[in-house]
Amino acid sequence: MNLIVEIFYLAAAVLFILGLKQMASPVTARRGIVWAGIGMVLATAITFVHPHVNSNYLLIVIGIALGGGIAWKTGKEVAMTDMPQMIALYNGMGGGAAAAIAAVELIKQHEMDLTVQLLAVFGALIGTIAFSGSLIAFGKLQGIKQLRGAFRFKNQQRINAGLFIVVAWMGLGIATSGTDYSMVVLFLFFALALAFGVMMTLPIGGADMPVVISLYNAFTGLAVGLEGYVLDNPAMMIAGIVVGSAGTLLTQLMAKAMNRPITNVLFSNFGETSGEAQEVTGSMKAIEAPDAAIMMAFAEKVIIIPGYGMAVAQAQHKIWEMTKQLQERGVTVKFAIHPVAGRMPGHMNVLLAEAGVPYDIIYDLDEINEEFRTADVALVIGANDVVNPVARIDPSSPIYGMPILNADYAKNVIVVKRGQGAGFSGIENHLFFADNCRMLYGDGQAVANELITNMKEL
């Protein structure tokens, strides 16, 4: 029976790794998710015949039914605009599950090797932080009034550092005391770890959530891997290592895309300015849909830059319809995706894939940035901070140094926007005041529909 269990775990681990490999490309990502899902089914199914599982079958079935039912229902109903907070929530559940496993093992107070006990406590710490931190990230993305924006107070980082030292000291004491530790101390350890996860996330603004989500994803994976070692469970170890390493690499990529070192992500208040922002000159100049349609219809190259506003308006299908209209007129159309566009990594890619936009006309920042100089029109729909020129010119701006899409280098820029407000980070966008920029006000889907209608009439 042990051999059968190990074979199932090996098969699950192979499927996890192959699935993740498939997820590296949008063309094969759906297949990768299916493969990884099959691996999870195998790992879960073999639990019923695991030698260490005695008479807990009813609890296992109830847990699978509840968790699977809730996940199925919410997964079917969630809007694309709410996908980032759903991912944050589910990621937190993974960290919480790893922490719960550690709690069960530590509550038993049975003899463990020192290394195993150290890893159990470390996994409990980062799993608990990922759990509470992800819940706060969920609340920020969901727009809960009390959590919206960055919550900061005097000496916050010093207090956070002090809290972490206390939690780490308690954890070290538990890990090195064998079975001689108090349940009160263990309870306080988990309670303070939960508090630290909350305190660590509160000062972070919503615009930085892509980095935070990927960071907590790495924490969750590492916690699962460590608790897999504690339970001597190869499937958990491999799954945790795969998720943890992927999350770590993604965090580094997201931090690089926002020009923030990992140390800044971990230990600094995100979004703080270093001085007075550069004053905006000029004025916003409006354009009507018929004129914008003419401008694009008679262009040679149009580059479309989608952002979170497109997701809110659910305009991706209309944008693709408009793209086909332009292509029929011989216009070269490309999509430019910034790594942190939207509220999570890959948010725009998912939306465009849902609309049926071919992958070969979707380009990353590094692939397309030089082409803006040869573009007749850059159409910005719902994007803000990722096309803000102050990232190049204003050292006092919190996004200074962040790589941006060079929309302002195009001959003409059309920005589809509901109103004249600033972006999610609260920074005024200098692009909107540029001489070559025109503002096309309105809901993204309605505007795209107007553009399609006017192009058909030409």
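Computed from heavy atoms alone, side chains included, the values below leave out hydrogens, waters and symmetry copies. All values reported here derive from a predicted model rather than from experimental measurement.
Atom OH of Y90 has more than 12 neighbouring heavy atoms from other residues, nucleotides or ligands inside a 6.0 Å radius. Crowding of R31 atom CZ: a count of heavy atoms from other residues, nucleotides or ligands under 6.0 Å exceeding 12.
Across E428 and N388, no two heavy atoms sit closer than the pair O-ND2, 3.0 Å. Heavy-atom minimum distance, I337 versus L405: C-CD1, 4.3 Å. A pairwise comparison of heavy atoms in A383 and V386 identifies CB-CG2, 3.9 Å as the closest pair. The two residues F372 and A336 have their closest heavy-atom pair at CZ-CB, 4.0 Å. Closest non-hydrogen pair, K417 versus N384, comes out as CE-ND2, 3.7 Å. Across all their heavy atoms, A11 and L42 have their closest contact at CB-CD1, 4.2 Å.
Of the possible polar contacts, none joining the N406 side chain to the P389 backbone as a donor-acceptor pair under 3.5 Å is found. Side chain of K140 to main chain of L202: a donor-acceptor pair is present (N/O by atom type, distance under 3.5 Å, no hydrogens or angles). For T220 (side chain) and N217 (main-chain N/O), no donor-acceptor pair under 3.5 Å exists by modelled atom type. A donor-acceptor pair is defined here as one N or O able to donate and one able to accept, closer than 3.5 Å; no such pair exists between the side chain of D408 and the backbone of L431. With hydrogens and angles disregarded, no donor-acceptor distance shorter than 3.5 Å links the side chain of D364 to the backbone of D366. Proximity of a side-chain donor or acceptor of H317 to a complementary backbone N or O of G356 within less than 3.5 Å is not detected. Of the possible polar contacts, none joining the S134 side chain to the N91 backbone as a donor-acceptor pair under 3.5 Å is found. Side chain of Q22 to backbone of A29: no donor-acceptor contact under 3.5 angstrom is found. With hydrogens and angles ignored, the 3.5 Å screen pairs a side-chain donor or acceptor of Q109 with a backbone N or O of T179.
Below 30°, between 30° and 60°, or above 60°: for Y308 and H347 the angle between ring planes is between 30° and 60°, a tilted geometry.
Taking CG of L215 as the start and OG1 of T201 as the end, the distance is 9.0 Å to the nearest 0.5 Å. Atoms CG and CG, on L192 and L125 in that order, are 10.5 Å from each other to the nearest 0.5 Å. One finds the CG atom of L15 at 12.5 Å from the CG atom of L20 (value rounded to the nearest 0.5 Å). Annotation: the span from H50 atom NE2 to Y9 atom OH amounts to 4.0 Å, rounded to 0.5 Å. Atom CG of L106 is separated from atom CG of L186 by 5.5 Å, given to the nearest 0.5 angstrom. The distance from the CZ atom of F335 to the CD atom of Q316 is 10.5 Å, given to the nearest 0.5 Å.
Counting only heavy atoms from C-beta outward, the side chains of Y181 and Q117 approach each other to under 4.5 Å. Side-chain contact check for I305 versus L379: every heavy-atom pair is 4.5 Å or farther apart. For the pair I60/T44, no side-chain contact is recorded, criterion being any heavy-atom separation below 4.5 Å from C-beta on.
No hydrogens or angles considered: a donor-acceptor pair under 3.5 Å links the side chains of Q142 and Q85.
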Between L352 and Y359, does a side-chain contact (heavy atoms from CB on, under 4.5 Å) hold up when you go through it step by step?
-> CA-CA 9 Å; L352 296 178; Y359 304 121; over 6 Å; no

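R392 forms a cation-pi arrangement with Y409, by the criterion of a distance under 6.0 Å to the ring centre and an angle within 45° of the ring axis.
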